[in-house]
Amino acid sequence: MTDGRRLRGERSRESILARTVALASVDGLSGLTLGRLAEAAGVSKSGFFAHWRDKEELQLDAVDWAARQWVDHIVRPAMHAPAGVRRLLAMHEARLRFYEDGVLPGGCFFFVAQAEFDDRPGPVRDKVAKAMSDWLKAVRGMAEEALALGELLPGTDPGLLAFEINALGEATVAHARLIGSAEAYAYSRAAVLHRLRALCPDPELLPEA
């Protein structure tokens with residue numbers, strides 16, 4: 001009985017966090033009310049307080065949940081590609097698929113969260129900054145690995161390359177939603193592919209531009 005209640009509680013918590021992240025990708029974390037979240041998740045307000053003492057605790061857990069979702073949909077799939085430039089490209093492709101597939105109604109939780117909290121000091125901002133930093137470190141680590149394997153030209157700056165790839169990913173979110181998704185995804189793919197082929201001593205490792 002105890003295990004059954006615990007399992008139901010965990011399922012309820014995961015359901016609430018999933019809805020929180022989905023809605024926050026559109027309206028931001030600050031714009032969500034407990035009433036709206038309760039209705040969307042199909043629980044009572046009292047159900048929220050069984051898991052979180054206040055809205056900030058919910059926001060912090062939502063950032064963690066969104067980071068795990070990012071890893072599951074983007075980082076882990078990319079790890080199936082060979083280490084080096086092909087893995088860097090696979091990571092960017094996985095990110096674009098995440099957006100194209102409409103996993104989140106607003107496109108990207110972190111695109112909204114960083115704009116929302118970049119000038120709001122506090123625990124939520126720190127949590128968002130940590131998640132974004134971890135992501136950039138992961139991309140940079142792949143670039144460093146590609147450099148060590150000889151798949152990037154000597155002198156390539158892994159930090160700069162990670163920044164460029166991430167910036168192109170972020171630009172895709174706004175461009176796709178405001179101007180045109182097909183054009184945005186095509187340009188984003190082409191831009192990263194061109195950059196990697198230009199930096200790779202053996203561009204045949206990568207698809208044709």
Side-chain angles (χ1 to χ4, degrees), residues 14 17-18 21-22 25 62-114 127-177 180-209:
E14 287 295 298
L17 287 171
V21 169
S25 73
V63 176
D64 285 336
W65 196 96
R68 292 196 301 272
Q69 182 187 56
W70 190 269
V71 169
D72 289 342
H73 284 264
I74 297 169
V75 180
R76 286 204 179 100
M79 298 305 290
H80 293 294
V85 291
R86 286 166 290 185
R87 187 171 291 173
L88 278 168
L89 181 61
M91 180 88 93
H92 187 66
E93 290 282 358
R95 182 179 188 174
L96 296 186
R97 281 195 301 273
F98 180 80
Y99 298 152
E100 285 179 300
D101 290 346
V103 177
L104 295 175
C108 183
F109 171 88
F110 287 106
F111 184 79
V112 176
Q114 64 182 334
K127 181 80 76 170
V128 171
K130 173 69 164 53
M132 297 303 298
S133 177
D134 288 346
W135 161 247
L136 282 170
K137 285 179 183 176
V139 182
R140 179 177 182 145
M142 290 184 183
E144 289 172 345
E145 191 172 34
L147 185 60
L149 290 169
E151 293 188 7
L152 291 173
L153 294 172
T156 299
D157 185 336
L160 175 59
L161 181 57
F163 181 89
E164 290 173 325
I165 292 173
N166 182 61
L168 286 164
E170 289 187 350
T172 307
V173 180
H175 193 126
R177 301 186 73 79
S181 58
E183 179 183 81
Y185 295 130
Y187 284 166
S188 187
R189 285 191 174 94
V192 171
L193 180 57
H194 277 296
R195 186 70 176 129
L196 291 175
R197 285 180 64 91
L199 290 172
C200 184
D202 182 10
E204 296 305 313
L205 288 172
L206 296 162
E208 290 289 336

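As the structure is a prediction and not an experimental result, all values here were calculated from the model. Start at 1 with the first residue, then count along the sequence.
Applying the salt bridge (charged side-chain N to carboxylate O under 4.0 Å, His left out) test to every pair with at least one member in residues 155-164, sequence neighbours left out, gives these pairs: Glu164-Arg195. Applying the salt bridge (charged side-chain N to carboxylate O under 4.0 Å, His left out) test to residues at least two apart or on different chains, the pairs with a partner in residues 98-113 are Glu100-Arg189. Identified under the ring-ring contact (aromatic ring centres under 6.0 Å, His included) test for residues 80-105, with sequence neighbours left out: Trp70-Phe98, His73-Phe98.
Glu170 pairs by the side-chain contact (heavy atoms from CB on, under 4.5 Å) definition with Arg95, Phe111, Gln114, Met132, Asn166, not counting sequence neighbours. The salt bridge (Lys or Arg N to Asp or Glu O under 4.0 Å) check on Asp72 picks up Arg76, with sequence neighbours excluded. Residues passing the salt bridge (Lys or Arg N to Asp or Glu O under 4.0 Å) test with Arg68, sequence neighbours excluded: Glu14. The salt bridge (Lys or Arg N to Asp or Glu O under 4.0 Å) check on Asp64 picks up Lys127, with sequence neighbours excluded. Remark: Pro207 pairs with Leu89, Leu193 by the side-chain contact (heavy atoms from CB on, under 4.5 Å) rule, at least two apart or across chains. Qualifying side-chain hydrogen bond (donor to acceptor under 3.5 Å, both in side chains) partners for Glu144, counting only residues two or more places apart in sequence or in other chains: Arg140. Not counting sequence neighbours, the partners of Lys130 by the salt bridge (Lys or Arg N to Asp or Glu O under 4.0 Å) test are Asp134. Ser181 pairs by the side-chain contact (heavy atoms from CB on, under 4.5 Å) definition with Ala176, Tyr185, not counting sequence neighbours. Applying the side-chain contact (heavy atoms from CB on, under 4.5 Å) criterion to Ala22, with sequence neighbours excluded, gives Arg19, Leu104, Pro105.
In this structure, Leu147 and Pro158 approach most closely via the heavy-atom pair CD2-CG, 4.1 Å.
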